[in-house]
Amino acid sequence: MPLARAWSVALIGIDGRPVEIEADIGAGLPGTKLVGLPDAGLREAKDRVRAAVRNSGQRWPDSNVTLGLSPADLPKDGSGYDLGIAAAVLAASGAVPAPKLVDTILLGELALDGRVRPVRGVLPALLAARKSGYRRAVVAPESLAEGSLVGGIDVLAAGRLGELIAWLCDEDGLDRAEPDHGRAQPEHPDLADVAGQPEARWALEVAAAGGHNLLMTGPPGVGKTMLATRLPGLLPALGDDEALEVTAVHSVDGSLEPDSPLVRVPPFVAPHHSISVAALIGGGTGIATPGVISKAHRGVLFLDEAAEYGGERLDALRTVLEEGEVRIARSRGSVRYPARFQLVLATNTCPCAPPQETECRCSPAARRRYLAKLSGPLLDRVDLRVRMRPVTSMNMAGGESAEPTGRVRERVVAARERAAKRWSDHGWQTNAEVPGPALRREFALPPEATRLLDRGLSRGAITARGADRCLRIAWTLSDLAEADEPTADHVAAALEFRDRRAA
């Protein structure tokens with residue numbers, strides 16, 4: 001019985017596993033059977049591949065064809081196996097030689113006329129292939145730039161099935177990927193555009209320097225959204241490992257730019273408050289797809305009009321904010337997506353949201369119900385809270401212009417470098433990532449520096465989690481001040497950012 005093998009990759013979240021595609025041509029009535037836990041889209045592959053093979057000038061076997069995808073107990077989704085199935089069948093029928101298939105990964109969907117179409121998840125698939133020892137990969141031409149991001153593996157492009165056949169028969173070559181170093185950082189809105197709001201501007205700088213979550217409360221039109229959209233401009237560009245991690249998520253989501261896919265700039269994601277829980281966290285049938293929080297990984301998730309989101313969606317963020325990843329279980333398996341982002345919340349003080357709080361027509365009960373949508377456990381995970389006031393004059397600070405983004409960004413980058421150097425032995429990059437036990441034991445502050453924090457704990461004004469977050473803010477404030485460690489003044493300022501009652 002003629003038997004041949006080709007290789008592809010199955011993705012479970014952003015984790016890939018090589019899949020062996022076996023084609024067996026045996027005796028019996030003509031027909032094609034596909035086994036190995038395929039989903040509905042993959043079950044249709046046999047019809048797509050048969051038409052593509054015939055329209056590429058090749059003959060489909062006039063006998064029983066059995067296609068097996070191994071590991072057989074691993075769920076397999078999507079149309080990315082088409083190219084591997086076609087190569088395995090052609091090799092089994094003797095139309096092409098099989099030696100090049102031994103160490104080659106094939107990723108691509110086939111059109112009925114033999115064109116190779118791009119598929120999602122090429123980057124994480126090739127990373128998994130390289131880890132498993134494969135030396136080559138063939139993808140669609142549109143995926144060539146994405147494939148070039150993976151070093152240590154030779155990535156080739158086949159625009160049609162006929163080109164792959166010619167390459168397997170050593171009749172012609174395929175285009176190779178060139179290294180892509182990513183696009184330059186785009187221009188961001190300037191922080192100098194924001195009128196007034198010195199306290200909120202300082203809170204934004206502290207949030208950027210330490211990777212802290214931020215809540216801005218105030219009437220409409222005072223600059224909450226303007227400040228939030230300027231936060232990415234204060235953040236440093238992503239490092240190589242971070243960029244690949246973020247790009248892998250966007251690759252699975254299918255939102256990469258074909259010409260320059262590497263994501264070097266921290267993402268900024270601002271969903272509408274009508275978003276569903278599945279779209280926010282991730283979900284769908286079969287294997288769950290990444291949600292908005294994963295697209296914001298290593299960047300900023302901005303929830304404008306936060307009180308309008310509702311308790312169910314906001315409380316779904318609580319565990320993610322602590323762990324930096326989300327785990328989603330569905331019928332075809334469980335997946336893990338990274339979700340370490342900075343959360344920025346903006347909300348009005350009441351439902352009617354007048355320009356001046358003295359004009360509010362809401363009852364005290366209505367105001368409490370409105371703000372109660374931001375639950376205590378969620379707010380306990382928000383490091384910085386700032387109350388914004390209406391702008392009363394267009395001539396700010398005696399006519400002096402506000403600091404531009406570039407100047408503030410220099411201080412932020414310097415503070416982040418100090419923090420990264422301090423935590424380098426532990427693998428943490430920002431102060432917001434440092435666990436509370438490490439702050440209390442290995443990097444404990446002297447009693448005179450934390451005396452105010454102890455008083456807040458004894459009075460019940462802050463929780464133990466809140467105290468840990470105060471310590472993280474204090475370290476960020478000391479980094480911005482270029483101090484060796486936080487002082488009592490830094491701890492007091494951190495308490496002011498969280499809750500003035502605690503001080």
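All values below come from the heavy atoms of this structure, side chains included, with hydrogens, waters and symmetry mates left out. Heads up: numbering here begins at 1 and tracks the sequence.
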Fill in: Centroid-centroid distance, H426 to F443, less than 6.0 Å
yes
Heavy-atom check, side chain of [X] versus side chain of [Y], under 4.5 Å:
| X | Y | answer |
| --- | --- | --- |
| D468 | R440 | yes |
| L301 | F268 | no |
| V269 | V300 | no |
| D380 | R469 | no |
| V19 | K76 | yes |
| N213 | V344 | no |
| D15 | P124 | no |
| L90 | Q58 | yes |

Please give me the minimum heavy-atom distance between [X] and [Y], naming the atom from each residue.
| X | Y | answer |
| --- | --- | --- |
| S8 | I105 | O-CD1, 3.8 Å |
| A137 | I153 | CB-CD1, 4.2 Å |
| P141 | A158 | CD-O, 3.4 Å |
| P38 | V35 | CD-C, 4.3 Å |
| P338 | I14 | CD-CD1, 3.5 Å |
| P266 | G299 | CB-CA, 4.0 Å |

Polar side-chain atom of [X] near backbone of [Y] as donor-acceptor pair, under 3.5 Å:
| X | Y | answer |
| --- | --- | --- |
| E142 | R117 | no |
| K100 | W167 | yes |
| E242 | G239 | yes |
| R5 | A88 | no |
| S251 | G121 | yes |
| H297 | R340 | yes |
| R50 | W60 | no |
| N55 | A51 | yes |
| R230 | M226 | yes |
| E442 | A438 | no |

How many angstroms lie between atom [atom1] of [X] and atom [atom2] of [Y], to the nearest 0.5 angstrom?
| X | Y | atom1 | atom2 | answer |
| --- | --- | --- | --- | --- |
| R135 | D154 | CZ | CG | 8.5 Å |
| L106 | I21 | CG | CD1 | 7.0 Å |
| D190 | T405 | CG | OG1 | 4.0 Å |
| L244 | L238 | CG | CG | 10.5 Å |
| R313 | S276 | CZ | OG | 8.0 Å |
| L384 | L345 | CG | CG | 11.5 Å |

Can you tell whether the side chains of [X] and [Y] come within less than 4.0 Å, N to carboxylate O?
| X | Y | result |
| --- | --- | --- |
| E245 | R298 | yes |
| R472 | D383 | no |
| D103 | R136 | yes |
| E403 | R411 | yes |

Item to complete: Using the salt bridge (charged side-chain N to carboxylate O under 4.0 Å, His left out) rule, take E44 and K46 through it: C-alpha gap first, then chi angles, then the decisive distance, then the call.
Response: CA-CA 6 Å; E44 297 173 350; K46 54 188 179 182; over 6 Å; no
Item to complete: Apply side chain to side chain contact (heavy atoms under 4.5 Å, CB included) to D113 and R160, showing your working.
Response: CA-CA 9 Å; D113 61 355; R160 304 187 66 87; 4.1 Å; yes
Discussion item. Using 30° and 60° as the class boundaries, would you call the ring planes of Y134 and W7 parallel, tilted or perpendicular?
Written reply: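 Answer is tilted, since the angle falls between 30° and 60°.
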Fill in: From CA spacing to verdict: side chain to side chain contact (heavy atoms under 4.5 Å, CB included), R115, L110
CA-CA 6 Å; R115 286 176 292 121; L110 285 175; over 6 Å; no
Item to complete: For atom CZ of R17, decide whether the heavy atoms of other residues, nucleotides or ligands shown that lie under 6.0 angstrom number more than 12.
Response: no
Practice prompt. Taking atom CZ of R176 as the centre, report whether more than 12 heavy atoms of other residues, nucleotides or ligands fall under 6.0 Å from it.
Written response: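 No, CZ of R176 has 12 or fewer neighbouring heavy atoms, counting only those of other groups under 6.0 Å.
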Practice prompt. Report the C-alpha distance between L34 and L69 in whole Å, list the side-chain angles of each, state the deciding distance to 0.1 Å, and finish with yes or no for side chain to side chain contact (heavy atoms under 4.5 Å, CB included).
Written response: CA-CA 8 Å; L34 181 62; L69 280 67; 3.3 Å; yes
Worksheet item: When you check the side-chain N and O atoms of T476 and H212, is any donor under 3.5 Å from an acceptor?
Response: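 There is such a pair between these side chains.
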Worksheet item: Are side-chain N/O atoms of N431 and R422 paired as donor and acceptor at under 3.5 Å?
Response: yes
Discussion item. Go through it in stages, so that I can follow the logic: the residues are D240 and R264, the test is salt bridge (charged side-chain N to carboxylate O under 4.0 Å, His left out), and I'd like the CA-CA distance, side-chain angles, deciding distance and then a yes or no.
Written reply: CA-CA 8 Å; D240 293 340; R264 281 288 189 188; 2.6 Å; yes
Worksheet item: Would V412 and E205 count as a side chain to side chain contact (heavy atoms under 4.5 Å, CB included) if you check the C-alpha gap in whole Å, the side-chain angles of each, and the deciding distance to 0.1 Å?
Response: CA-CA 7 Å; V412 168; E205 181 176 341; 4.0 Å; yes
